[in-house]
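Just the heavy atoms: all of them, side chains too, but no hydrogens, waters or symmetry mates, feed the values below. Note that the structure is predicted; figures quoted are calculated from it, not measured. One-based numbering along the sequence shown.
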Amino acid sequence: MLSLIIPTYKEPEALDLTLQSAIDGQVNKNQIIVVVDGFYDINKHILKKYADSIDILNLENNVGMIKAMNLGTYNASYDLILHAQDDNVFSKNWDVNLENHYQPNYVLSVNQIEPTPSMFPQFIIKDLGRDVNTFDINKFWEFEQSIAKNEVKEDGSTFPFLISKKDYLKVGGFDETYPGPWVVDWEFFMKCNINGLKLMRTYQTNFYHFVSLGTRTPDKIRENQIIEKECHDYALYKWGDYIKHNLHNNLKYI
């Protein structure tokens, strides 16, 4: 069994679908930790709905996704940890498929299905709904099973990902000193590579990803662009160069 870490902010409708799919799609009774990054009252009715199947880590204040992911990991009961997001939809048998493809020394990325073109060529582009209200989970499960391949390739380095808790701690987790959630994931995967971990991807399991449900307004987009630049500049300050992305195998490097 494994520990699933899901940080959540203030998208209760998306969280509802995420938890429904994670619980209904699993084979084993895994530990599911929902890290509530502030705004508990907004999410309270969803958390209550799934109370028998989840562990709730209520941070009370909004500390940001980076710290929420680290705190979720520290509270994990199992050594294998899956980091996912609250706008993911889980496939059928996701847990056993991932455990079957995981090997020691792996960081195993889950492939994703997204409704719009992505910078990651490995992702499947298929519009099954751009918000939870237009999404049909049964159609997704049917489509996902039709494209699933019993295949693992060395082109990981994207969310969601499965990792050993020991390996996560060994590389230092996510750096909480970044000014926002951008680039810090690139740094994390780069640190994994530096420490000799293999950045793999399974094509047996594909999660749906709605893509930034809460950040689509023009003002929010502009704000995020400013913070993202600050994150790149912070990486330059920390590492002496900008962290780069290899389009073919997703490796991160300086």
Side-chain angles (χ1 to χ4, degrees), residues 6-22 25 37 64-66 69 82-92 94 98 108-149 151 153 155-162 180-186 188-189 199-229 231-232 243-252:
I6 304 173
T8 194
Y9 184 47
K10 46 183 178 180
E11 294 291 338
E13 292 82 9
L15 178 64
D16 188 6
L17 181 58
T18 297
L19 292 176
Q20 176 197 345
S21 64
D37 187 17
M65 186 177 73
I66 300 169
M69 289 188 295
L82 176 63
H83 277 276
Q85 297 167 306
D86 66 357
D87 59 353
N88 277 132
V89 186
F90 288 65
S91 57
K92 285 284 190 180
W94 59 269
L98 289 177
L108 184 63
S109 290
V110 182
N111 205 36
Q112 295 202 121
I113 302 166
E114 292 189 343
T116 54
S118 170
M119 69 177 288
F120 301 109
Q122 295 80 13
F123 287 5
I124 306 298
I125 308 305
K126 177 75 171 179
D127 190 349
L128 298 172
R130 302 198 180 194
D131 57 59
V132 297
N133 297 317
T134 59
F135 188 81
D136 186 325
I137 191 170
N138 291 311
K139 286 184 178 180
F140 158 65
W141 278 337
E142 181 181 354
F143 174 74
E144 194 280 331
Q145 290 182 341
S146 74
I147 63 168
K149 297 183 290 186
E151 188 173 62
K153 292 184 178 180
D155 55 10
S157 301
T158 59
F159 277 88
F161 65 91
L162 184 71
W182 293 273
V183 186
V184 63
D185 57 332
W186 287 20
F188 173 80
F189 290 122
L199 304 171
M200 311 300 291
R201 177 183 305 276
T202 175
Y203 291 85
Q204 181 70 49
T205 306
N206 303 269
F207 290 179
Y208 198 76
H209 183 223
F210 287 108
V211 190
S212 306
L213 283 176
T215 59
R216 291 177 178 169
T217 65
D219 288 345
K220 193 65 178 176
I221 291 172
R222 282 192 293 271
E223 177 187 343
N224 289 343
Q225 289 172 339
I226 293 170
I227 299 173
E228 183 176 2
K229 183 181 183 305
C231 290
H232 280 288
I243 299 174
K244 302 172 184 67
H245 168 79
N246 185 311
L247 291 173
H248 300 289
N249 61 11
N250 295 326
L251 277 179
K252 313 300 188 288

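Remark: K10 NZ to D86 CG distance equals 12.5 Å, nearest 0.5 Å. Distance check: H232 NE2 to W182 CH2 gives 10.5 Å after rounding to the nearest 0.5 Å. Atom OG1 of residue T8 and atom CG of residue D37 lie 8.5 Å apart, to the nearest 0.5 angstrom. One distance of note links OG1 of T202 with CG of L162; it measures 10.0 Å at 0.5 Å rounding. Atom CZ of R201 and atom CG of N111 lie 5.0 Å apart (nearest 0.5 Å). Atoms CD1 and SG, from I226 and C231 in turn, are 12.0 Å apart once rounded to the nearest 0.5 Å.
At a threshold of 4.5 Å between non-hydrogen side-chain atoms, the residues L82 and V110 count as touching. Looking at T158 and N250, their side chains come closer than 4.5 Å, going by heavy atoms from C-beta outward. In this structure, I6 and L19 have side chains that are in contact, with non-hydrogen atoms separated by less than 4.5 Å. Counting heavy atoms from C-beta outward, Y203 and Q122 have side chains that approach closer than 4.5 Å. Counting heavy atoms from C-beta on, the side chains of N88 and Q112 come closer than 4.5 Å. The side-chain heavy atoms of P7 and H83, taken from C-beta on, include no pair separated by under 4.5 Å. By the 4.5 Å heavy-atom criterion applied to side chains, I137 and Y208 are not counted as neighbours. Contact annotation: the side chain of V89 never approaches that of F207 to less than 4.5 Å [non-hydrogen atoms, C-beta and beyond].
Residues S157 and L199 approach most closely at OG-CD1, 3.2 Å, considering heavy atoms. Residues A148 and Q204 share a closest heavy-atom pair of CB-O, 3.4 Å.
Remark: the H209 side chain and the D87 side chain contain an N/O donor-acceptor pair separated by less than 3.5 Å. Using a 3.5 Å distance cut-off with no hydrogens or angles, the side chains of N133 and E13 do not pair a donor with an acceptor.
Using cut-offs of 30° and 60° on the angle between ring planes, the pair F135 and F210 is perpendicular. Relative orientation of the F120 and H245 rings is perpendicular, given thresholds of 30° and 60° on the angle between their planes.
Between the side chain of T134 and the backbone N or O of G129 there is no donor-acceptor pair closer than 3.5 Å. Put simply, the side chain of S109 never gets that close to the backbone of G156: no donor and acceptor are under 3.5 Å apart. Side chain of W141 to backbone of F90: a donor-acceptor contact under 3.5 angstrom is found. Side-chain atoms of W94 never come within 3.5 Å of backbone atoms of T205 as a donor-acceptor pair (strictly under, hydrogens ignored).
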- Query: Checking side-chain contact (heavy atoms from CB on, under 4.5 Å) for the pair K252/D185: CA distance, chi angles, key distance, verdict?
  - Reply: CA-CA 10 Å; K252 313 300 188 288; D185 57 332; over 6 Å; no
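Ring-centre distance between F188 and F161: below the 6.0 Å cut-off.
The pair K220-E223 meets the salt-bridge criterion, since a charged nitrogen lies less than 4.0 angstrom from a carboxylate oxygen.
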